[in-house]
Amino acid sequence: MALGLTEEHQALAGAVRGWAERHCPPDVVRAAADSRDSGAARYAAALGPSLAAHGVAGLHVPADHGGQGFGLPELAVALEELGRALVPGAFLPTVFASAVLAAADAPGKLLDGLTGGARTGAVALTPGLTGRTDARGGLLIDGVAAPVLGAATADLLILPVRTDAGEIWAAADPLGFEITERSSLDLTRPVATVGGAGVTLPAERVLGGLNRTTVTGLAATLFGAEACGIAAWAVATAVQYAKIRKQFGRPIGQFQAVKHRCAKMLTVAEQAAAAVWDAARAHGEPGIPAAQREFAASVAGVIAVDAAVSCAHDAIQILGGIGYTWEHDAHLYYRRALSLRALLGPSGQWAERAAELALAGVRRPPRVDLPADAQELRADVRAELRDIAALDPLEQTRRLAADGWVMPHLPRPWGRAAGPLEQIIAAEQVQAAGLRAPNLFIAGWVIPALVEYGTPWQQGQFLPPTLRGELVWCQLFSEPDAGSDLAGLSTRAERAEGGWRITGQKIWTSLARQAAWAICIARTDPAAARHAGITYFLVDMSAPGIEVRPLREMTGDAIFNQVFLDGVFVPDDCVVGGVNDGWRVARTTLANERVALSSSWAYGSGVGELLELASGRGDGWAGPQLRPADLRQLGRFVCDGHALDMLGLRITLKQLSGTEPGATSSVRKLLGMQHAQQIADFGWAVLGPDGALGASRPDEGTPGASGAGAGAYWSRQVLFTRALTIGGGTTDIQLNIIAERLLGLPRDPEAP
Ligand SMILES: Cc1cc2nc3c(=O)[nH]c(=O)nc-3n(C[C@H](O)[C@H](O)[C@H](O)COP(=O)(O)OP(=O)(O)OC[C@H]3O[C@@H](n4cnc5c(N)ncnc54)[C@H](O)[C@@H]3O)c2cc1C
């Protein structure tokens, strides 16, 4: 998913992409890389003025300074496209300078030339310049600012200057400074050192209202936006090559090592886009606390440029020898990504800051700004739920189910045929009214299959009690020899008078002992192709011939079981979706299982507990001794968790605007599962010797308690979270789904 979500942003992205295709195709980039000035002259003569004439250089600048009066999100959308095209020259340093000026108290006329394309700018990020006040209240500047992006050709420099009163930011003309162009790692954009020996700067050139946090936050956002474009280019280039390059008689994209690498690249790029999107949004959000804005920028500072670097690495790897050549453009993108990372500062440093902010209590929860018509809808929903809230608890559940509030997206009468907006409002208002819909667990993915494929009798019989949470279900799918490859199942169902007799063994069946009914798939036509001879049954768990044997999990609990079926009779009216057509129904169940698992226990989960541990909030304990490396790692988890939340928010917004979220939900599931595991591993590891303590009960211990309390909690988490990357489709299967269905890479070869 590209940075921009709205129709306007997509149109803007399309327009900038069109501009890049016309004015800056790959041969222009290549010519810049081969030229002595990294394309600076071409930028000054043609590209810069053209971008300014199209209004791109002033997207974020107020109209009274010659800009378009939009904001950082629009500039980020444009930068992503220009990064994808690797546009050479001074665009990024110039818009960075104008964004810094726009954030200053009184930029005066300084902005005008930068937006008009006549002048270029550059911002130094490294300290190194010092200033003394001169007789007229101005500054005398000495020292050297080390490599500054775009300084070699800039008409205006924004410089940090250390003074007795602290660091100030000043806008200086390059005249008087010693600008020394240095050999640039990024062949399409020059860098230079800026040296001063008693250079005079008039007092009015000191910029009020700026500090390092604001300037570096803008850098993280804008560099991050360009980095998203680089990451997107790398994913597209690697995937395109993996589809056509053949080795061992197959496209290399059919080898899982390659296809999984491509899928992981996509997840990294999506996470980067979510982080930068939020940082850009935060910049202009009215009333946002400064610490929250800094937090969002820090997340982008950690994630986005690293994403560009790692996607470029991976693209080069997938391209093989050709990726290491001078002729291929991969190294031009890689160089730019590395250069952005070097100039922005190490991601560990940004992660440390994110950790400090999070430990100080800074949060930025996902928030959806609902459209104008939401008010009316909210009032209606609130009124209906108010009546239900007045009932006694049993009656409340009954009415929630009967009125369609339990799964409002389902068609009536089971749900409310609610669109995304009504679903959001329903969830919000059910909670606000103090109501609780029953926890459906496995029933949550049985219901949609029955709604879509069930007979009227099945729907009438099973849906009402299931929606009320009265009927517990289990899922008899996996078998000892059929897990990921479910279609290889061997449990068979044979014709009997008035129905079928099922014989076989199921395994890993969660809640089999508690369940009254099961969904079960069994082979009804052994002669048919694997997927064709399978039927989907509803099985009464109290029927003769069923034996359930508990299986203990590694945590010591026994939630899942083995289920043996010995000639279990199932009447014809318990076949769902037609004999031998069960695979289609099972796919609906599995798809809903993936969605359900992804939106509950898998995501962003654990960050709050980790922070509780790190600050020892449980029982007055000061928390474990975190080394600087631990703090950085903690910061990375905080950033990943926030990016996951933002991925979720972006999916919701896409649904609200009526467009499919595309890749994002599968990506979010995969990242979320891994994230929860990594957090558990880390929380356990920082405990040191207390990690050797175990839990004897599931609810034992709390994340931030001292000694045994934390040990019990985190050692259980380490064990429990192993299940996340297995149940509901393993990591490898998820990567296959992303690679094949979203990136269009070839499917694994069929077994002979
Ligand atoms: C907590 C938990 C609850 C569960 N509850 C239920 C339930 O209620 N009902 C039910 O029916 N099942 C349930 N399962 C089973 C679950 O769906 C399976 O464990 C899962 O689909 C994997 O199957 P498997 O265990 O046979 O592993 P396998 O499929 O044998 O996989 C073993 C390893 O091989 C890898 N692998 C397999 N195929 C491929 C491939 N094509 N490419 C690359 N790698 C591959 C896997 O990623 C994995 O690492 C549950 C599992 C867990 C952990």
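In listed order, ligands and their atoms are each counted from 1. All values below come from the heavy atoms of this structure, side chains included, with hydrogens, waters and symmetry mates left out. Keep in mind that this is a model prediction, so the values were computed, not measured.
- Each of the following atoms of ligand 1 lies closer than 4.0 Å to a heavy atom of A723: 1 (C).
- The residues R747 and E740 are annotated as salt-bridged, a charged nitrogen and a carboxylate oxygen being separated by less than 4.0 angstrom.
- Around atom 48 (C) of ligand 1, the closest heavy atom drawn from I559, D732, T589, T555 belongs to D732.
- Neither the backbone nor the side chain of K506 comes within contact range of ligand 1; no heavy atom lies under 4.0 Å.
- F720 is not listed as a side-chain neighbour of E553, based on a closest heavy-atom distance of 4.5 Å or more.
- Using modelled atom types, one finds no donor on one side chain facing an acceptor on the other under 3.5 Å when comparing W500 with T524.
- Of the listed options G488, S478, G729, G728, S478 places a heavy atom closest to atom 12 (N) of ligand 1.
- Screening L735, D748, L745 for a side chain to side chain contact (heavy atoms under 4.5 Å, CB included) with Q256, the sole residue that qualifies is D748.
- On a distance-only criterion, I733 and ligand 1 share no N/O pair closer than 3.5 Å.
- Looking at heavy atoms from C-beta onward, P703 lies in side-chain contact with Y713 at the 4.5 angstrom threshold.
- Scanning S484, P480, A512, G483 for the heavy atom closest to atom 29 (O) of ligand 1 points to S484.
- Contacts with ligand 1 closer than 4.0 Å are made by side-chain heavy atoms of T730 only, the backbone lying farther away.
- Salt bridge R668/D645: absent, no basic N to carboxylate O contact under 4.0 Å.
- Heavy-atom proximity to T509, at under 4.0 Å, picks out these atoms of ligand 1: 7 (C), 8 (O).
- Nearest to atom 3 (C) of ligand 1 by heavy-atom distance, out of A482, S510, C474, is S510.
- Using a 4.5 Å heavy-atom threshold, the side chains of Q475 and V446 count as separate.
- In summary, the atoms of ligand 1 found under 4.0 Å from a heavy atom of F477, numbered by their order in the structure, are 11 (O).
- Side-chain contact between M541 and L476 is present, with at least one heavy-atom pair separated by less than 4.5 Å.
- Taking only nitrogen or oxygen atoms, main chain and side chain alike, Q256 reaches within less than 3.5 Å of ligand 1.
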